[in-house]
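Below you'll find the structure, written out as structure tokens, and then a few comments.
Throughout, a chain's letter reflects where its sequence line sits, starting with A, and its residues are numbered from 1.
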There are 2 protein chains.
Amino acid sequence: MDFQQNIKIAVDAIVFGYADNRLNVLLIKQKFGTLKNQWALVGGFVKDNETLINAVNRELVEEAGIKVNFLEQLYTFGDDIERDPRFRVVSVAYFALVNSSKLNLKADSDAEEAKWFSIKELPMLAFDHESILKMALNRLQSKLTYQPIGFDLLPKEFLFSELENLYCTILEKEIDRRNFRKKILSFGIVEETDKYGNNIKGRPAKLYKFNKLKYNKLIKEGILFEINFA
Amino acid sequence: MDFQQNIKIAVDAIVFGYADNRLNVLLIKQKFGTLKNQWALVGGFVKDNETLINAVNRELVEEAGIKVNFLEQLYTFGDDIERDPRFRVVSVAYFALVNSSKLNLKADSDAEEAKWFSIKELPMLAFDHESILKMALNRLQSKLTYQPIGFDLLPKEFLFSELENLYCTILEKEIDRRNFRKKILSFGIVEETDKYGNNIKGRPAKLYKFNKLKYNKLIKEGILFEINFA
DNA sequence: ACAAAAGTGTTAATCTTACACCCATGT
DNA sequence: ACATGGGTGTAAGATTAACACTTTTGT
């Protein structure tokens with residue numbers, strides 16, 4: 001069974017970061033090559049002896065010098081045969097989150113510029129990257145309500161108000177502070193620390209942290225985490 | 001930018017069917033070649049000028065002569081580099097449902113045998129197909145609770161008890177008949193017909209049908225369909 | 001004393017669960 | 001008349017939604 005197939009496999013990563021009440025996405029601009037001066041998602045071709053997940057992580061390091069907190073497969077785009085004008089490409093897209101401490105990108109390389117963009121102010125994107133991004137955003141929004149991935153966008157210790165704002169911002173809706181706090185605390189996966197944040201105005205606010213171990217234990221017990229509120 | 005990449009792209013389909021209170025999966029046994037005498041999922045390599053979705057549909061016709069009611073991407077398996085002993089393969093797996101009228105497969109070709117297996121009595125499977133199947137089963141179970149895909153496993157007109165049994169069987173739990181019926185009917189997407197099923201015992205049972213148009217309308221309005229019950 | 005954000009409880013409404021009897025048919 | 005599966009309602013309990021005042025700090 002020997003046959004020829006001329007399809008290339010690539011990986012792309014949609015990396016979200018959150019800071020100052022804004023959801024950001026990581027984009028790359030190549031200074032040379034086919035994509036010269038176009039903003040695009042982090043990504044590239046998979047090497048013969050490399051797993052898909054390793055390929056994504058490698059591209060994330062090479063193109064942005066970043067390690068992510070959360071990474072999962074999003075979707076494989078292979079139904080647009082002329083997606084890439086050079087040759088047929090099937091791209092496996094990954095969905096990634098980084099916490100806000102990683103929003104400072106390493107100095108740009110000679111070949112590429114990496115930058116965070118607010119999802120409210122996106123530039124034109126290469127290929128079908130805009131639709132990939134939209135899909136990732138949907139995934140983020142829906143996942144936020146049944147898996148505690150919001151914590152992967154925040155620093156290890158955070159204010160309750162930051163968590164609350166994150167939900168408001170990403171889901172684009174108002175939430176009731178009291179009900180939100182009650183719900184989150186009822187799962188028992190968020191713990192008070194004895195430290196305080198350095199908010200400059202108002203009453204000092206306690207820092208909280210996410211207890212991942214406890215969360216994993218609860219998941220094993222089949223408890224389900226769901227956040228729906230008005 | 002010219003480079004060599006020696007990775008093949010394949011598609012695989014996990015096709016579920018439901019009949020006689022059993023969930024079945026479609027498997028193929030090749031009579032020749034590398035997979036000789038091993039049961040495997042429907043699948044094969046993608047042609048250069050073929051979309052992924054077309055590739056799956058083609059394989060479904062070629063290997064089992066079947067058209068499915070529901071088809072969506074499941075996951076792309078590309079992290080096991082030695083998955084296929086012949087060469088590096090990345091496989092895009094699809095999740096498919098057929099209704100019970102399609103459980104009769106066309107006569108086997110000379111090259112292949114296609115057969116339905118109860119998921120309770122599976123043979124040994126080729127490659128990593130067992131883990132792919134497990135993933136598909138999880139998808140089916142979780143999807144059943146928030147998307148009305150159960151109807152794609154039933155004939156156009158069905159008894160309420162069939163729908164109920166389908167949920168019991170696939171989710172592997174007991175459900176309360178009264179609460180189930182109330183919940184399903186409350187969405188307004190299942191309608192009574194004026195026909196009756198031909199059940200041989202007991203009181204004659206009405207046939208019902210799924211109103212897909214209404215469902216689509218509700219989805220657009222943002223109503224969410226969720227079935228959780230004790 | 002006031003501005004700013006943090007922290008906290010109660011009640012009404014809704015949804016979910018648990019549960020058992022009558023109905024229509026074939027034998 | 002009985003066996004079989006179809007069809008239905010209600011009440012208790014749990015969850016969610018709506019809503020506003022007090023606390024702690026800096027200025």
Interatomic distance, [X] [atom1] vs [N] [atom2] [rounded to whole Å]:
X        : N      : atom1 : atom2 : answer
B:Asn199 : C:dG26 : CG    : P     : 10 Å
B:Phe180 : D:dG7  : CZ    : C1'   : 15 Å
A:Asn198 : D:dT25 : CG    : P     : 15 Å
A:Phe158 : C:dA6  : CZ    : C1'   : 15 Å
A:Glu164 : C:dG7  : CD    : P     : 10 Å
B:Lys206 : D:dG7  : NZ    : C1'   : 8 Å
A:Asn228 : C:dC15 : CG    : P     : 13 Å
B:Phe160 : C:dC23 : CZ    : P     : 21 Å

5'-most by nearest nucleotide on DNA chain D - A:Arg203 or B:Arg178
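The residue mapped nearer the 5' terminus is B:Arg178.
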Which residue lies toward the 5' end of DNA chain D, A:Lys182 or A:Pro204, if each is placed at its nearest nucleotide?
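Its nearest nucleotide being more 5', the pick is A:Lys182.
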Are B:Lys183 and C:dT16 close enough that a side-chain N or O sits under 4.0 Å from OP1 or OP2?
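Yes, because at least one side-chain N or O of B:Lys183 sits under 4.0 Å from OP1 or OP2 of C:dT16.
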As a test of reading the structure: which of D:dT4, C:dA6, C:dG7 is closest to the side chain of A:Ser161, going by heavy atoms?
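It is C:dA6.
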Starting the side chain at C-beta, find the nucleotide from D:dG7, C:dA6, C:dC19 nearest to B:Asp176.
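Nearest nucleotide to the side chain: C:dC19.
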Salt-bridge present (B:Lys214, B:Glu191; N to O < 4.0 Å):
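Salt bridge: no.
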Answer yes or no: is there an ion pair linking A:Asp12 with A:Arg83, defined by an N-O contact shorter than 4.0 Å?
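Answer for the salt bridge query: yes.
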Reckon A:Leu159 touches a base, only the sugar-phosphate, or nothing at all at heavy-atom distances under 4.0 Å?
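Since no nucleic acid heavy atom lies under 4.0 Å of A:Leu159, the category is nothing.
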Hey, is the side chain of B:Asn179 pairing donor to acceptor with the base of C:dA18 inside 3.5 Å?
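Yes, the side chain and the base share a sub-3.5 Å donor-acceptor pair.
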Ignoring hydrogens and angles, answer whether the base of C:dG7 and the side-chain atoms of A:Arg177 contain a donor-acceptor pair closer than 3.5 Å.
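Indeed there is one.
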B:Val68 and B:Val98: which non-hydrogen atoms are nearest, and at how many Å?
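That closest heavy-atom pairing would be CG1-CG1, 3.6 Å.
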Distance-minimising heavy-atom pair for A:Arg139 and A:Leu74:
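Reported closest heavy-atom pair: NH1-O, 3.3 Å.
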Hey, what's the ring geometry for A:Tyr208 with A:Phe160, parallel, tilted or perpendicular (30° and 60° as the breaks)?
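A:Tyr208 vs A:Phe160 ring planes: perpendicular.
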